[in-house]
Amino acid sequence: MYSRLDHREVSRLLFKYGASVIQRLDSSVTHLITTDLPIHLKRKQDITPKYSIVSPLWVLQCIQSHKLLPTFPFKIPWPSPSANQSIEKMISPSKLRGSSNQCADSSPPGTSLFPRPTSPYKLKSVGTETEKITPPVTTSPIPQLLKQPPQESPLLKQPPKESPIVNPAVPSPLKPLPTKKPNTRMLTSSENPNFIQDYFEKSRLHHLSAWKAQFQEQLREYLTNNLSHKLSSIKTARNESPPHPHNNNQRLICHVDMDAFFVTVSLLAFPEKRGLPAVVSHSGDNSTVASANYEARKYGIKNGCWLKSAIKACPDLQVLPYNFDEYERVSKKLFSVLASYSDTIQVLSCDEAILDLSQYTHHQAQHIATEIKAIIYKETSCHCSIGIGKNILTARLALRLAKPNGMAVVPPDEELIDWIQQFDIKDLPNVGYSLVQRLSSFNILSIADIQSKDQEQLCSILGAKTGRTLYYSVRGEDHKALCSFQLRKSIGVDLTYAIRFSDNPSIFEFIHKISEEVHRRIASVGARSKKLTLMVKKRAEEAGEAVKYLGHGVCDTYTRSITLQNEIYLPEDISSHAIQIYKKLNIKATDLRGIGIHLSRLVYDSQAKGQTTLQNWLRPLGAKNTLIQSTPFEINLQSPPKL
DNA sequence: ATCCTCCCCTAC
DNA sequence: TAAGGTAGGGGAGGAT
Ligand SMILES: Nc1ccn([C@H]2C[C@H](O)[C@@H](COP(=O)(O)OP(=O)(O)OP(=O)(O)O)O2)c(=O)n1
Ligand SMILES: [Mg+2]
Ligand SMILES: [Mg+2]
């Protein structure tokens with residue numbers, strides 16, 4: 001009855017609803033969840049265990065009824081032949097958390113603002129639907145202080161309720177050839193032959209990803225040329241400067257990030273609206289806010305929230321259109337300025353980078369940062385903020401304090417432990433919704449709480465790497481290197497919006513188009529691939545039409561990969577493998593909600609762009625640093641970020 | 001132990 | 001109108 005997949009899912013559900021799941025049997029175990037009893041357990045002293053042995057069905061029923069049910073009807077009989085069923089146990093499912101995932105469909109990706117950016121996948125077994133989206137707590141439609149309200153803002157998304165009957169705005173995708181074709185004309189994957197380009201052109205998330213790759217690449221090329229010219233005898237490039245001998249033998253990292261980037265740039269064209277609360281967003285009732293300025297944030301409006309709820313919180317909100325060309329133009333200026341100050345730069349996004357200023361003293365570094373800030377403003381008319389610290393982690397935290405339009409410096413080591421306690425757990429890099437939930441289920445709510453745990457404890461809760469990283473993070477320690485020279489390890493295209501098909505041939509045709517796009521991208525960096533991965537989103541069994549207009553809704557996501565004998569890069573090779581995998585998944589055409597094709601295990605051509613970097617990247621450089629004050633970051637390529 | 005696959009999570 | 005893309009770190013569990 002339970003496949004391996006379901007086993008994992010049960011694990012996730014257990015965790016989701018507040019159980020602690022461990023892989024061993026010890027005295028803390030209250031329930032053993034299994035479909036049959038492993039023989040090796042039977043032999044042990046567990047003959048009369050303290051825990052109940054129950055079927056996964058019990059878990060699902062408990063969740064559905066929102067309470068702890070008696071285990072009796074779900075007991076598993078003792079003897080059993082099969083020995084390989086893996087087991088899960090819950091320690092204390094004392095209270096099931098309120099049905100927490102109904103909103104899976106309501107949270108746009110890439111947002112940290114919403115109550116539950118939870119994976120739709122989890123919804124499957126619970127059988128709950130997206131519709132009810134209960135904005136957690138918070139009532140006050142009153143402007144909130146800048147510092148975040150503990151959990152929720154007043155603007156939780158309230159996606160439109162869908163009538164269970166027929167939403168005239170959403171044509172049924174189930175009709176192969178609808179006689180009365182509604183207004184999705186040219187909008188969906190099946191109706192628009194130029195869907196991919198048309199869509200990407202307007203997708204902020206696509207631009208974000210494409211720009212990051214583009215600027216990383218250009219910077220890499222620029223630095224490669226620049227350095228090999230400057231350091232004629234030494235052909236290697238370095239990623240970091242050695243610590244300044246006078247600076248306590250520590251690095252100095254400087255994190256620069258534009259303030260409210262999109263909306264600030266868009267506002268340049270509307271000077272009369274400066275100073276007013278404003279956001280950038282597509283227009284319409286169902287759109288998402290890409291960027292909110294600090295005036296708008298006073299109302300609790302955040303990047304990624306629904307436009308609808310933003311306007312509700314601030315009726316006078318100025319809604320500005322995207323201006324992707326301008327964002328790109330300003331980004332170029334930004335990196336041009338940064339590259340003139342340091343040749344150890346890591347691009348984090350189109351509005352953000354970290355510099356290694358280890359060659360300077362603290363004092364000099366602050367002076368330089370002040371200057372950078374001023375020059376960026378002079379060049380772009382946009383403000384940025386800067387954080388300075390001894391590593392990437394603390395520089396980022398300082399950046400938070402610096403926002404908006406400020407600069408902040410991390411205090412000396414002795415004060416770090418206390419200093420870091422002013423942040424929320426969620427402020428730590430790589431700590432998002434899920435980790436916060438996990439930690440809070442162990443009653444770990446603050447940074448101080450994390451500090452009080454030893455590394456072992458954290459690792460047992462979070463896994464080895466994550467636990468260790470977090471242990472050091474709350475002490476302000478981070479040894480991650482700054483990487484100027486980054487080569488992508490994978491290249492892929494994902495489409496999960498407005499995907500509606502009625503038959504497989506159209507889907508195959510679509511896969512061909514995606515494959516062409518993937519090919520263009522991998523060819524443009526001069527690489528081939530030895531592994532192809534197909535991602536497919538399929539409408540979940542009990543899921544209705546998506547809450548979001550033409551969205552994917554609640555889905556099950558499948559990933560299948562194939563390792564190849566020979567590297568591929570041609571569109572027909574990509575598509576033939578992808579289609580082959582797709583067929584095996586046996587998806588009903590009308591249920592398809594998303595497709596992605598990714599290539600990994602990349603091999604870069606030796607004379608193409610990748611080459612210089614790959615070799616140089618691995619070699620640290622002992623050479624002294626050359627002060628580069630006026631090297632412009634030449635951006636030769638006028639090519640658009642996509643396609 | 002270490003590698004591989006299939007996720008999950010995070011970030012912008 | 002709306003435009004939910006992507007890369008990389010990491011974990012679980014099975015194969016070797
Ligand atoms: N959920 C999100 C987050 C960000 N972005 C885009 C718009 C932002 O302007 C840009 C940069 O992201 P930042 O996280 O740097 O946010 P801002 O620059 O808008 O604000 P700030 O950096 O001042 O916090 O990325 C987006 O489209 N959707
Ligand atoms: Mg920013
Ligand atoms: Mg940013």
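Bear in mind the structure is a predicted one, so any value in this text is a computation, not a measurement. Letters A, B, ... are given to chains in the order of the sequence lines, protein chains preceding strands, and every chain is numbered from 1.
The phosphate of B:dC6 (OP1 or OP2) has a side-chain N or O of A:Ser561 nearer than 4.0 angstrom. A close approach under 4.0 Å does not occur between any side-chain nitrogen or oxygen of A:His207 and OP1 or OP2 of C:dG5. Phosphate contact (OP1/OP2 of C:dT6, side-chain N/O of A:Arg204, threshold under 4.0 Å): absent. Side-chain N/O atoms of A:Arg521 include one lying less than 4.0 angstrom from OP1 or OP2 on C:dT6. Within the 4.0 Å cut-off from OP1 or OP2 of C:dG10, at least one side-chain nitrogen or oxygen of A:Lys465 is found. The shortest distance between the side-chain N/O atoms of A:Lys531 and the OP1/OP2 oxygens of B:dC4 is not below 4.0 Å. Between A:Ser490 and C:dG8 there is a side-chain polar atom (N or O) within less than 4.0 angstrom of OP1 or OP2. Taking only side-chain nitrogens and oxygens, A:Ser203 comes nearer than 4.0 Å to OP1 or OP2 of C:dG4. At B:dC12, none of the side-chain N or O atoms of A:Ser209 fall inside 4.0 Å of OP1 or OP2 (strictly under the cut-off). A sub-4.0 Å separation between OP1 or OP2 of C:dG9 and a side-chain N or O of A:Lys480 is absent. A sub-4.0 Å separation between OP1 or OP2 of C:dT6 and a side-chain N or O of A:His206 is present. A close approach under 4.0 Å does occur between a side-chain nitrogen or oxygen of A:Thr563 and OP1 or OP2 of B:dT5. Phosphate proximity of C:dG5 to A:Thr496: present, with a side-chain N or O under 4.0 Å from OP1 or OP2. A:Tyr199 has a side-chain polar atom (N or O) that falls below the 4.0 Å cut-off from OP1 or OP2 of C:dG5.
Atom CZ in A:Phe262 sits about 15 Å away from atom P in C:dG5, given to the nearest Å. Counting to the nearest Å, the C1' atom of B:dA11 and the CD atom of A:Gln346 are 13 Å from each other. Between the CG atom of A:Asn303 and the C1' atom of B:dA11 there is a distance of 12 Å, rounded to whole Å. What separates CD1 of A:Ile491 from C1' of C:dT6 is a distance of 11 Å, to the nearest Å. Between A:Tyr497 atom OH and C:dG5 atom P the separation is 10 Å, expressed in whole Å. With rounding to whole Å, A:Arg438 atom CZ is found 10 Å from C:dG11 atom P. Between A:Asp494 atom CG and B:dC8 atom C1' there is a gap of 14 Å when expressed in whole angstrom units. The separation between A:Asp556 atom CG and B:dC6 atom C1' is 14 Å, rounded to whole Å.
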Verdict with reasoning, A:Glu326 to A:Arg329, per salt bridge (charged side-chain N to carboxylate O under 4.0 Å, His left out): CA-CA 5 Å; A:Glu326 278 295 283; A:Arg329 186 185 63 80; 2.8 Å; yes
Derivation of the salt bridge (charged side-chain N to carboxylate O under 4.0 Å, His left out) call for A:Lys537 and A:Asp556: CA-CA 6 Å; A:Lys537 273 190 184 298; A:Asp556 295 323; over 6 Å; no
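Listed candidates were B:dC6, B:dT10, C:dT6. Nearest to the side chain of A:Arg560 is B:dC6. Among the nucleotides B:dA11, C:dG10, B:dC9, the one closest to the side chain of A:Ser434 is B:dC9. You'll find that the side chain of A:Leu205 is closest to C:dG5, out of C:dG5, B:dT10, C:dA3. Considering only the side chain of A:Lys489, C:dG9 comes nearest among C:dA7, B:dC12, C:dG9. With C:dA3, B:dT5, C:dG5 as the candidates, the nucleotide lying closest to the side chain of A:Arg601 is B:dT5.
In this structure a side-chain-to-backbone donor-acceptor pair under 3.5 Å is missing from A:Ser309 to A:Cys305.
In this structure, A:Gly467 and A:Ala498 both approach DNA chain C, and ranking their closest nucleotides by distance from the 5' end singles out A:Ala498. Taking for each of A:Ala213 and A:Thr466 the nucleotide of DNA chain C with the nearest heavy atom, the 5'-most of the two is the partner of A:Ala213.
In this structure, A:Val554 and A:Arg539 have side chains that are not in contact, with every pair of non-hydrogen atoms separated by 4.5 Å or more.
When the options A:Thr288, A:Val319, A:Leu320 are evaluated for a side-chain contact (heavy atoms from CB on, under 4.5 Å) with A:Val279, the one that passes is A:Val319. Residue A:His255 forms a side-chain hydrogen bond (donor to acceptor under 3.5 Å, both in side chains) with just one option from A:Arg396, A:Glu352, A:Arg400, and that option is A:Glu352.
Stacking here means ring centres nearer than 5.5 Å and ring planes tilted less than 30 degrees, and by that measure A:His552 stacks onto C:dG4.
Residue contacts for A:Leu435: at a heavy-atom cut-off of 4.0 Å it reaches the sugar-phosphate backbone alone, with no base atom in range. Counting non-hydrogen atoms under 4.0 angstrom, A:Arg396 reaches the backbone sugars and phosphates but no base. Using a 4.0 Å heavy-atom cutoff across all strands shown, A:Ala464 reaches sugar-phosphate atoms only and no base atom.
Classification of A:Glu217 and A:Arg488 as a salt-bridged pair holds, one side-chain N sitting under 4.0 Å from a carboxylate O.
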